[in-house]
Amino acid sequence: MQVTDDTPYEVKRAQEINSVFGPKGSRTEAYDLIFDLHNTTANMGSTLILEASGDDFTIQLCRYIKDALAPETCAVFLIEHPNLKYATTRSIAKYPVGVEVGPQPQGVLRADIMDKMRKIVRHGLDFIHMFNAGTEFPPCTTEVYKITEKVDYPRNKNNEITAAVHPDLQDQDWQPLSPGDPMFLTFEGKTIPYEGDSVVYPTFVNEAAYYEKNQAFVKTFKQALSAKGIRACLS
């Protein structure tokens, strides 16, 4: 896409980032690894975001970070889906890893959230250092939450939101949502239950940045993800 004076700022920045860290898809010129750091208003705690289920390196990396953070919890969110696409800056790199930590209001700096973010990045860099030094990481399996569907707020014929996230679901990221559980509460006080066929695990619940994207939360299911053993080839 050619950049002109009318090109949106976000598009310009995306192209600038691609030119510095990419180009995307290049196995020789693109950066090897990008940690894409975000805070969220949702009660997600510490979360790592995986782009693909077949990437042994990033699965091993996430497993290492999870183990290093224990007993603190750290969810791994797999966004691989045939129909739900995420446009992420980190996907420029060969091995992209997203980091979400919350809850933190927009425009606010919380020391505890910043500390969690620093720990994740530090452990991630430790893994990179060990890998580059020739450490062998044996085959592993780790639990992930795989995206299945984005859920919008109830709306009227004018596309106006008519309900809020139910208090029983609010702040319950990564907790089981069973058929019949409260999901939304209309402005008239009526509870709208979850009518799915199986248990799901919501996340990004009531995320402020996703109102404009027509998303109240994301449904996920648990899955065990395995990775082969890896070791750097040192010359």
Side-chain heavy atoms of Leu185 within contact of Pro167, under 4.5 Å: yes
Side-chain donor/acceptor of Gln60 to backbone N/O of Tyr64, under 3.5 Å: no
Same apolar cluster (I L V M F W Y, side chains within < 4.5 Å links), Val218/Val101: no
Test log, rule side chain to side chain contact (heavy atoms under 4.5 Å, CB included), inputs Asn214 and Arg155: CA-CA 10 Å; Asn214 298 336; Arg155 297 176 184 272; 2.9 Å; yes
Which atom of His166 lies closest to which atom of Thr191, heavy atoms considered: NE2-OG1, 3.5 Å
ILVMFWY cluster, Phe127 and Leu125 together (side-chain gap under 4.5 Å): yes
Heavy-atom check, side chain of Leu225 versus side chain of Thr141, under 4.5 Å: no
Shared hydrophobic cluster, Ile34 / Ile65 (ILVMFWY, side-chain heavy atoms < 4.5 Å): no
Shortest non-hydrogen contact between Asp168 and Pro182, atoms and distance: OD2-CG, 3.6 Å
Qualifying residues under salt bridge (Lys or Arg N to Asp or Glu O under 4.0 Å), relative to Glu136, sequence neighbours excluded: Arg231
Mutual orientation of the aromatic rings belonging to Trp174 and Tyr145 [parallel < 30°, tilted 30-60°, perpendicular > 60°]: tilted
Nearest-0.5 Å distance, CD1 of residue Ile128 to OG1 of residue Thr135: 11.5 Å
Euclidean distance, Tyr201 OH relative to Gln172 CD, rounded to 0.5 Å: 13.5 Å
Presence of salt bridge, Lys66 and Glu143, under 4.0 angstrom: no
Exam field: side chain Asp55 to backbone Phe57, donor-acceptor pair closer than 3.5 Å: yes
Which atom of Leu78 lies closest to which atom of Glu51, heavy atoms considered: CD1-C, 4.2 Å
Short side-chain to backbone donor-acceptor contact, Thr162 and Pro154, under 3.5 Å: yes
4.5 Å side-chain heavy-atom contact, Thr41 and Phe204: no
Lys/Arg N to Asp/Glu carboxylate O, Lys116 vs Asp112, below 4.0 Å: no
Side-chain donor-acceptor pair present, Tyr211, Asn206, cut-off under 3.5 Å: yes
Distance in Å, Tyr194 OH paired with Leu177 CG, rounded so as to fall on 0.5 Å steps: 6.5 Å
Other residues, nucleotides, ligands: >12 heavy atoms within 6.0 Å of Arg122 CZ: yes
Residue pair Lys150 / Lys213, side-chain heavy-atom distance below 4.5 Å: no
Close side-chain approach of Val97 and Ile49, heavy atoms under 4.5 Å: no
Greater than 12 external heavy atoms within 6.0 Å of Asp197's CG: no
Taking every non-hydrogen atom, the tightest pair across Leu69 and His123: CD2-CD2, 3.7 Å
Common cluster, Leu169/Phe184, ILVMFWY with side-chain heavy-atom separation under 4.5 Å: yes
SB check Arg63 Asp67 (cutoff 4.0 Å): yes
same_hphob_cluster(Leu37, Leu109) at 4.5 Å side-chain heavy-atom cutoff: no
Pairs involving residues 31-40, ordered by first then second residue, that meet side-chain hydrogen bond (donor to acceptor under 3.5 Å, both in side chains) (sequence neighbours left out): Asp32-Lys94, Asp36-His38, Asp36-Arg90, Thr40-Glu207
Side-chain donor/acceptor of Asp56 to backbone N/O of Lys228, under 3.5 Å: yes
Nearest atoms (heavy-atom pairs only) where Gly180 meets Pro193: O-CB, 3.7 Å
From Phe221 atom CZ to Thr148 atom OG1, the distance as rounded to the nearest 0.5 Å: 7.0 Å
Under the salt bridge (Lys or Arg N to Asp or Glu O under 4.0 Å) test, residues paired with Glu149 that sit two or more places apart: Lys219
Sub-4.5 Å side-chain heavy-atom contact between Leu48 and Ile120: yes
Residues, nucleotides or ligands: over 12 heavy atoms within 6.0 Å of Tyr9 OH: no
Thr203 side, atom OG1; Ile147 side, atom CD1 - distance, nearest 0.5 Å: 9.5 Å
Interatomic spacing from CG in Asn43 to CD in Gln175 - rounded to 0.5 Å: 9.0 Å
Derivation and outcome, side chain to side chain contact (heavy atoms under 4.5 Å, CB included), residues Thr47 and Asp173: CA-CA 11 Å; Thr47 302; Asp173 297 73; over 6 Å; no
Non-hydrogen side-chain atoms of Ile230 and Phe131 separated by less than 4.5 Å: yes
Pairwise side-chain contact, Met44 with Glu100, heavy-atom cut-off 4.5 Å (strictly under): yes
Chi angles and distances behind the side chain to side chain contact (heavy atoms under 4.5 Å, CB included) call for Gln104, Met114: CA-CA 10 Å; Gln104 177 169 278; Met114 182 170 62; over 6 Å; no
Closest contact, heavy atoms only, Ala163 versus Tyr153: O-CD2, 3.7 Å
